[in-house]
Amino acid sequence: MPIATTTQFQELYLAYLGRFADYPAMTYWQAKGITRESLAEELYLSSEYQNIYNKKSIAFQVNHLYKNLFARNANIDELLDWTNKIEEGKVALATLAINL
């Protein structure tokens, strides 16, 4: 799998953390050769994300990603579709931003 690009870094940081990656974090992960999928999982599991969102419902977290990525709430069909896919194990919340 290819190493995550700078654009992918920024998109995933924005999706999960609501902010852009700073230069030291980006260079750290790029030096490790992290893939886009692994970076999404690391951000999802980070204490920064978990401290805010780990006790929230799946639907809340899905909507949070929509807000951060698209500056809007997920519509009801999107919210139900993604929430059901996560609950059924078809998609992981840790990598949902890649699917969106």
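Throughout, residue positions are numbered sequentially from 1 according to the sequence presented.
- Taking every heavy atom of both residues into account, A74 and N63 meet most closely at N-OD1, 2.7 Å.
- Residues A4 and R36 approach most closely at CB-N, 3.8 Å, considering heavy atoms.
- Looking only at side-chain heavy atoms (C-beta outward), Q8 and Y13 stay at 4.5 Å or farther from each other.
- Atom OG of residue S57 and atom CD of residue E87 lie 9.0 Å apart, to the nearest 0.5 angstrom.
- Under a cutoff of 6.0 Å and an axis angle of 45°, K56 and F60 form a cation-pi pair.
- Contacts of E42 classified as salt bridge (charged side-chain N to carboxylate O under 4.0 Å, His left out), with partners at least two apart in sequence or in another chain: none.
- Residues L69 and E11 come closest through the heavy atom pair CD2-O, 4.0 Å.
- A 4.5 Å side-chain heavy-atom check between Y49 and L45 finds every atom pair outside the cut-off.
- For the 3.5 Å distance criterion, the side chains of E48 and Y53 fail to qualify, holding no donor opposite an acceptor.
- Taken from CG in L39 to NZ in K32, the straight-line distance is 12.5 Å, to the nearest 0.5 Å.
- Note on ring orientation: taking the six-membered ring where Trp is involved, the planes of Y16 and Y44 are perpendicular (angle over 60°, cut-offs 30° and 60°).
- Proximity of a side-chain donor or acceptor of D81 to a complementary backbone N or O of D77 within less than 3.5 Å is not detected.
- Taking each heavy atom of A97 and L12 in turn, the nearest pair found is CB-CD2, 4.0 Å.
- Of the inter-residue distances, the one linking W29 atom CH2 with I3 atom CD1 reads 13.0 Å to the nearest 0.5 angstrom.
- No side-chain donor-acceptor contact under 3.5 Å links S38 to the backbone of T35.
- A side chain to side chain contact (heavy atoms under 4.5 Å, CB included) with T83 is found for one member of I86, L79, L80 and no other, namely L79.
- Here side-chain hydrogen bond (donor to acceptor under 3.5 Å, both in side chains) pairs that include residues 90-100, with residues two or more places apart or in two chains, are E88-K90.
- Looking only at side-chain heavy atoms (C-beta outward), L17 and S46 come within less than 4.5 Å of each other.
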Criterion salt bridge (Lys or Arg N to Asp or Glu O under 4.0 Å) on R72 and E78, from CA distance to verdict: CA-CA 12 Å; R72 67 170 178 86; E78 294 165 333; 2.9 Å; yes
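- The other residues sharing a hydrophobic cluster with F20 are L14, where clustering joins ILVMFWY side chains under 4.5 Å apart.
- Contact of the L96 side chain with the L93 side chain is registered, since non-hydrogen atoms from C-beta on lie closer than 4.5 Å.
- What you find for L100 and W82 is that their closest heavy atoms are CD2-NE1, 3.4 Å.
- I34 and F9 make their closest contact through CG2-CZ, 3.8 Å (heavy atoms, listed as atom of the first residue, atom of the second, distance).
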